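This structure is a prediction, so every number in the text was calculated from the model and none was measured.
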Amino acid sequence: MIDDVLISYGLSLIGSKIAPYGSGLINHTYKLTANNQNYILQEINTNIFKAPYHIVNNLALIEKYINETAPGYLFVAPLKSLNGDFIVRTATGEHYRLFPFVQGSHSVDVLKNEKEAYEAAKQFGKFTYLLKDFDISLLEYPLQNFHDLPLRFDQFKIAVKNAETTKQEEAAAEINEVYKHQHILETYNQLISGEEIPMRVVHHDTKISNILFDDEQNALCLVDLDTVMPGYYLSDVGDMMRTYLSPASEEEKDLNKICIREDFFRAIYTGYLSEMSAILTETEKEHFIFSGKMMIYMQALRFLTDFLNNDIYYGARYPGHNLLRAQNQFRLLNEYVNAEPAFNQLIDEVNQGNHSEHRYNQTQPSA
């Protein structure tokens with residue numbers, strides 16, 4: 001089937017090489033060498049992205065807008081097939097896309113230092129800033145209700161009600177954690193229902209592997225743009241907080257390894273605000289720290305809900321996997337809350353000019 005896809009792009013099968021690429025869990029991604037050039041070939045997972053042409057339409061609109069308003073910006077858009085299509089659909093129903101390979105680039109799966117965090121935050125901020133005047137009503141929603149915290153809370157309550165008694169008992173402590181932090185939901189509802197923060201074009205998946213770096217740790221561009229859609233800046237900043245601040249990932253079983261790297265918070269704040277400060281509202285700035293609480297809480301809810309629902313969404317590699325993931329995220333949330341006074345102090349210091357962005361122009365030692 002891949003041979004047919006290559007032919008659709010006018011690529012020669014003779015001498016072509018293809019190998020899995022990256023660490024993404026949703027789409028199947030490959031590095032392709034054909035006609036003496038490198039490409040990224042990707043199969044869209046239509047079990048998750050049920051309307052792949054929504055993605056195509058979004059990226060085409062954004063590419064056109066950026067080419068007109070910021071032509072120097074590196075926007076990695078899919079290439080057209082010989083038929084002028086951005087997606088090639090095989091006879092068996094798979095959907096493929098082809099991207100140019102960004103030469104001299106690499107991705108990282110684990111943050112090594114503050115500079116990478118700063119560069120990533122700056123890139124995600126720059127993307128949203130460049131699209132500040134884009135008409136978001138033109139965009140489709142590739143994933144409905146993706147970062148809808150009230151919906152996730154309602155799904156949790158239904159899961160608790162319908163779960164087996166043994167599951168409820170096993171997760172009793174984590175269920176209590178949900179209600180202990182319910183004020184996060186209440187704050188979110190107040191912000192959204194009162195329209196206190198504006199909708200913007202945001203990436204929605206700001207893990208570090210979605211940034212391409214050069215050999216000097218400078219960020220080149222964003223990738224994996226399938227989740228780009230209207231949303232709140234809280235999603236992008238909050239996901240960086242969730243995935244950058246602790247050296248331990250959401251899969252870590254030893255909860256004692258979960259801690260908060262305050263210097264990484266400063267890097268995120270400085271990098272993101274270096275691009276977005278001029279357009280963020282005062283309410284948005286006041287809730288910068290809140291974004292992390294919101295995203296960590298929501299992910300904990302989702303893992304716990306999946307455990308109660310017998311692992312029907314994320315799956316599980318071992319018994320209690322999603323319960324452990326939920327415990328991990330609640331531990332991260334509590335560590336984050338404890339660090340809030342330090343975060344506020346760091347923000348004050350940055351705003352007073354005690355820490356300029358120039359500190360990140362030098363490669364930082366590994367954390």
| field | Met276 with Leu346, same ILVMFWY side-chain cluster at under 4.5 Å | value | yes
| Transitive ILVMFWY side-chain link Ile136 to Val56, under 4.5 Å | yes
| said: Rounded to the nearest 0.5 Å, what separates atom CD1 in Ile184 from atom CG in Leu149? | reply: 8.0 Å
| Test item: His95 side-chain N/O and Gly93 main-chain N/O as donor-acceptor pair under 3.5 Å | yes
| request: Mark yes when over 12 heavy atoms from residues, nucleotides or ligands other than Tyr129 sit less than 6.0 Å from its OH; otherwise mark no. | output: no
| Within the 6.0 Å centroid threshold, strictly below: Tyr141 and Phe146 | no
| message | To check you understand the geometry: which heavy-atom pair defines the closest contact between Arg97 and Ile55, and what is its length? | response | NH1-CG2, 3.7 Å
Which pairs would a plain distance check flag for residues 278-286, meaning a side-chain donor or acceptor within less than 3.5 Å of a matching protein atom at least two apart in sequence or in another chain?
from: Thr281; atom 1: OG1; to: Glu284; atom 2: N; distance (Å): 3.1
from: Thr281; atom 1: OG1; to: Glu284; atom 2: OE1; distance (Å): 3.4
from: Glu284; atom 1: OE1; to: Arg200; atom 2: NH2; distance (Å): 2.8
from: Glu284; atom 1: OE1; to: Thr281; atom 2: N; distance (Å): 2.8
from: Glu284; atom 1: OE2; to: Arg200; atom 2: NE; distance (Å): 3.0
from: Lys285; atom 1: NZ; to: Ser277; atom 2: O; distance (Å): 3.2

| message | For a quick test of reading the model, state the closest non-hydrogen atom pair linking Phe307 to Ala171 and the distance between them. | response | CE2-CB, 3.9 Å
| task | State plainly whether the residues Glu335 and Arg331 are in salt-bridge range, i.e. N to O under 4.0 Å. | result | yes
| query | Side chains of Gln329 and Arg242: is there a donor and an acceptor less than 3.5 Å apart? | reply | yes
| Single-linkage hydrophobic cluster, 4.5 Å side-chain cutoff, Tyr179 and Leu304 together | yes
| message | Please check if the number of heavy atoms outside Lys132 that lie under 6.0 Å from its NZ is greater than 12. | response | yes
| note | All heavy atoms of Ser246 vs all of Ile258, minimum pair found to be OG-CA, 3.7 Å
| Which distance, rounded to the nearest 0.5 Å, do you find between the CD of Glu114 and the CZ of Arg261? | 9.0 Å
| request: Show the numbers, then the answer: is there a ring pair (Phe, Tyr, Trp, His ring centres under 6.0 Å) between Tyr336 and Phe343? | output: CA-CA 9 Å; Tyr336 188 92; Phe343 293 159; 5.0 Å; yes
| said: Does the plane of the ring in His181 sit parallel, tilted or perpendicular to the ring in Phe330? Use 30° and 60° as the thresholds. | reply: parallel
| Minimum heavy-atom distance Ala300-Ala326, with the two atoms named | O-CB, 3.9 Å
| request: Using distance alone, with no hydrogens and no angle criterion, decide if Tyr269 and Asn351 have a side-chain donor and acceptor under 3.5 Å apart. | output: yes
| said: Less than 3.5 Å apart, any donor N or O on the side chain of Glu177 or Asn334 sitting next to an acceptor on the other? | reply: yes
| request: Calculate, to the nearest 0.5 Å, the distance between atoms CG and CG belonging to Leu323 and Asp311 respectively. | output: 9.5 Å
| field | Side-chain (Asp306) to main-chain (Asn322) donor-acceptor, under 3.5 angstrom | value | no
| request: Can you label the angle between the Phe290 ring and the His287 ring as parallel, tilted or perpendicular, going by 30° and 60°? | output: perpendicular
| task | Give a yes or no on whether Met229 and Val201 share a hydrophobic cluster (residues Ile, Leu, Val, Met, Phe, Trp, Tyr; joining criterion: side-chain heavy atoms under 4.5 Å apart). | result | yes
| task | Mark yes or no for whether Asn58, through its side chain, and Glu140, through its backbone, hold a donor-acceptor pair below 3.5 Å. | result | yes
| Nonpolar side-chain network containing Val110, other nodes, edges under 4.5 Å | none
| query | What distance separates Met298 CE from Ile296 CD1, expressed to the nearest 0.5 Å? | reply | 11.0 Å
| request: Report the distance from atom CG of Leu139 to atom NE2 of His54, rounding to the nearest 0.5 Å. | output: 11.5 Å
| query | Are the charged groups of Glu170 and Lys167 less than 4.0 angstrom apart, N to O? | reply | no
| Short side-chain donor-acceptor distance under 3.5 Å, Arg152 and Tyr297 | no
| query | Sub-3.5 Å donor-acceptor pair from the side chain of Asn328 to the main-chain atoms of Ser249, do we have one? | reply | yes
| Cut-off 3.5 Å, side chains only: do Thr243 and Lys207 have a donor facing an acceptor? | no
| What closest approach, in Å, do Ile40 and Phe101 show between heavy atoms, and which atom pair accounts for it? | CD1-CD1, 3.7 Å
| Is the CD atom of Gln103 crowded by more than 12 outside heavy atoms at less than 6.0 Å? | yes
| task | Using the rule that two of Ile, Leu, Val, Met, Phe, Trp, Tyr join whenever any of their side-chain heavy atoms come within less than 4.5 Å, decide whether Val178 and Leu151 are in one cluster. | result | no
| Is there a donor-acceptor pair under 3.5 Å between the side chain of His203 and the backbone N or O of Asp224? | yes
| said: Show the nearest heavy-atom pair for residues Pro52 and Ile87, with the distance to one decimal. | reply: O-CD1, 3.8 Å
| task | Please say whether more than 12 non-hydrogen atoms of neighbouring residues, nucleotides or ligands are located less than 6.0 Å from CG in Asp254. | result | yes
| query | Testing Glu251, Glu174, Glu250 for salt bridge (charged side-chain N to carboxylate O under 4.0 Å, His left out) with Arg325, which one passes? | reply | Glu251
| field | Value rounded to 0.5 Å, distance of CG in Leu111 from CD1 in Ile208 | value | 4.0 Å
| message | Would you call the rings of Phe75 and Phe127 parallel, tilted or perpendicular, taking 30° and 60° as the class edges? | response | parallel
